[in-house]
Chemist: 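Structure below; questions to follow.
Below, read A as the first sequence line, B as the second, and so on, with proteins coming before strands; counting in each chain starts at 1. In what follows, every heavy atom counts, from backbone to side chain, and hydrogens, waters and symmetry copies are set aside. In this text the structure is predicted, and so the values were computed from the model without any measurement.
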Number of protein chains: 2
Amino acid sequence: MDIEQTKIPQATAKRLPLYYRFLNNLHSQGKLRVSSKELSEAVKVDSATIRRDFSYFGALGKKGYGYNVEYLLSFFRKTLDQDETTKVALVGVGNLGTAFLNYNFTKNNNTRIEIAFDADQKRVGTEVGGVQVEHVDDLEEKINDTAVAILTVPSSEAQPMTDRLVKAGVSAILNFTPARITVPPHVRVHHIDLSIELQALVYFLKHYPLEEEQEG
Amino acid sequence: MDIEQTKIPQATAKRLPLYYRFLNNLHSQGKLRVSSKELSEAVKVDSATIRRDFSYFGALGKKGYGYNVEYLLSFFRKTLDQDETTKVALVGVGNLGTAFLNYNFTKNNNTRIEIAFDADQKRVGTEVGGVQVEHVDDLEEKINDTAVAILTVPSSEAQPMTDRLVKAGVSAILNFTPARITVPPHVRVHHIDLSIELQALVYFLKHYPLEEEQEG
DNA sequence: AGCAGTTTGTGAAAACATTAACGACTTCCT
DNA sequence: AGGAAGTCGTTAATGTTTTCACAAACTGCT
Ligand SMILES: NC(=O)c1ccc[n+]([C@@H]2O[C@H](COP(=O)([O-])OP(=O)(O)OC[C@H]3O[C@@H](n4cnc5c(N)ncnc54)[C@H](O)[C@@H]3O)[C@@H](O)[C@H]2O)c1
Ligand SMILES: NC(=O)c1ccc[n+]([C@@H]2O[C@H](COP(=O)([O-])OP(=O)(O)OC[C@H]3O[C@@H](n4cnc5c(N)ncnc54)[C@H](O)[C@@H]3O)[C@@H](O)[C@H]2O)c1
């Protein structure tokens, strides 16, 4: 069953949750069908790219008609495992960690932060966004079978905490610290480096001029 | 002067701030030279890619020696315009906005959030992370020549606020809302979609198995 | 029933990005 | 001084992603 899945390009895989979200929007608006052109305008992805992306999963649409919203939605729900919730742990309940706990990725989402850790006694024992904050000393004991961790500790703690998370059995880490962490080959890491995103935006702004503003 | 710059691949441009940060680290550790291999281990980018990236700017290194840290650093400082600060405005001082204001991208960075806006009277007039929070009604009046905006409002407000920002003269937006905003062609938008990042990580975890864990 | 208009799915091309491989040159050890 | 080891910059090969463009197939109207 996974044999074909492995062949989906990574770029496509990253767009799937985006498609899923907008299909949900369309569905709750009562829309019954949608064309790649319409979807393209909504998600800002070229319509040919959308058709190509969908085609990796077979022929999901109908020529001259487009895609049936309900069918597409239920297909992606299965594909994205939207029916089972993935447990997530958050380490470092500071500025960023608190924001994530309050948000908790609840809308259209199959992930849930179930437990949080911090080193600061003042935070331990409190509840943030409905999630209990535990002491980081108890990490190994309390993390159980959680597979995914969000890392929002100070960057000096990033590698030590990563090592502990890996030892405790975590297999994927979403790293928000500026540190580039080292993990064994079986652990997947995605970096979200907000400073770099901002700096890159400024760089593009200055060095990659866009179309001139049009008069009229 | 910008003629050659335009040809740098976007993928390279996105890595420049990362290189810059690690060169700074090396410099403050007192390191005088660095090879592409060493840098590769630190930033987790293939060493051939690093050499290729650097080569777009000419011959910055020396065969058999590597790169002079100080020289490279001063070169990138110029290239990334680290000497002039870009003013940034933040719209929406909620969970995420507050975290950003407290952090304010101050370390090794040429950007600074100088002004923030919110619609909530309770927040207006307060100071968060040293930045004054203004009422969003005064946006047009107070934003002046700020070129970059960070958008952290509720998603229903994303498009209306974008339209106002664009009208007020902003030319780049870093959008954290799940909405895909529409802008005129001369405005640059980068989306950072945290829900999608988390969902994509989970998808990769389940469908793109990595190397098996090794015994011993 | 027939036809004009629409939209998919995909082969082929183009664009973009990474990685391998190696000649040329430098360093530094003995 | 000579040679082994190290490292860059680049050419070529490879891999990935996007985009074009169109036949085939469907819709919906008359
Ligand atoms: N806040 C932002 O906007 C922002 C932007 C970009 C990057 N970051 C990065 O995200 C990370 C977190 O940023 P922040 O602003 O939330 O920092 P913060 O200082 O507000 O929060 C860090 C939290 O981690 C806790 N902590 C420290 N050591 C720990 C440990 N060993 N185990 C568990 N918890 C520990 C601290 O008690 C604190 O609550 C930092 O690495 C920062 O560089 C933050
Ligand atoms: N917090 C997270 O972890 C997180 C994660 C992913 C995405 N997001 C997205 O980021 C955005 C902000 O999230 P949040 O958790 O900070 O929400 P929030 O509700 O805490 O903050 C939104 C802030 O915007 C202000 N606001 C509302 N309308 C406004 C307007 N017209 N002009 C100016 N300010 C206005 C509100 O007063 C509030 O302070 C949302 O779109 C959310 O979907 C947040």
Chemist: Within this structure, what is the CG-to-P distance between B/Leu39 and D/dC8, rounded to whole angstrom?
Modeler: 10 Å
Chemist: Categorize A/Tyr67 for me: base, sugar-phosphate, or nothing, with a 4.0 angstrom heavy-atom threshold over every strand shown.
Modeler: sugar-phosphate
Chemist: Give a yes/no answer on whether the side chain of A/Arg51 brings an N or O atom under 4.0 Å of OP1 or OP2 in D/dC22.
Modeler: no
Chemist: Looking at the rings of A/Tyr67 and A/Tyr19, which for Trp means the six-membered one, are their centres under 6.0 Å apart?
Modeler: no
Chemist: Which class fits the ring pair A/Tyr208 and A/Phe204: parallel under 30°, tilted 30 to 60°, perpendicular over 60°?
Modeler: perpendicular
Chemist: Is the CD atom of A/Glu70 crowded by more than 12 outside heavy atoms at less than 6.0 Å?
Modeler: no
Chemist: Would you please confirm or rule out a distance under 4.0 Å between OP1 or OP2 of C/dT27 and any side-chain N or O of B/Lys62?
Modeler: yes
Chemist: Does OP1 or OP2 of D/dC8 have a side-chain N or O of B/Ser36 closer than 4.0 Å?
Modeler: yes
Chemist: Establish whether the base of D/dT11 is bridged to the side chain of B/Arg52 by a donor-acceptor pair shorter than 3.5 Å.
Modeler: yes
Chemist: Here's a test of your reading of the structure: between A/Ala11 and B/Gly61, which maps to the more 5' nucleotide of DNA chain D?
Modeler: B/Gly61
Chemist: Within the structure, does a side-chain N or O atom of A/Arg33 lie under 4.0 Å from either OP1 or OP2 of D/dG28?
Modeler: yes
Chemist: Do the rings of B/Phe76 and B/Phe57 sit parallel, tilted or perpendicular, given the 30° and 60° boundaries?
Modeler: perpendicular
Chemist: Is the distance from OP1 or OP2 of D/dT19 to the nearest side-chain N or O of A/Thr49 less than 4.0 Å?
Modeler: yes
Chemist: Under 4.0 Å between a side-chain N or O of A/Arg15 and OP1 or OP2 of D/dT18?
Modeler: yes
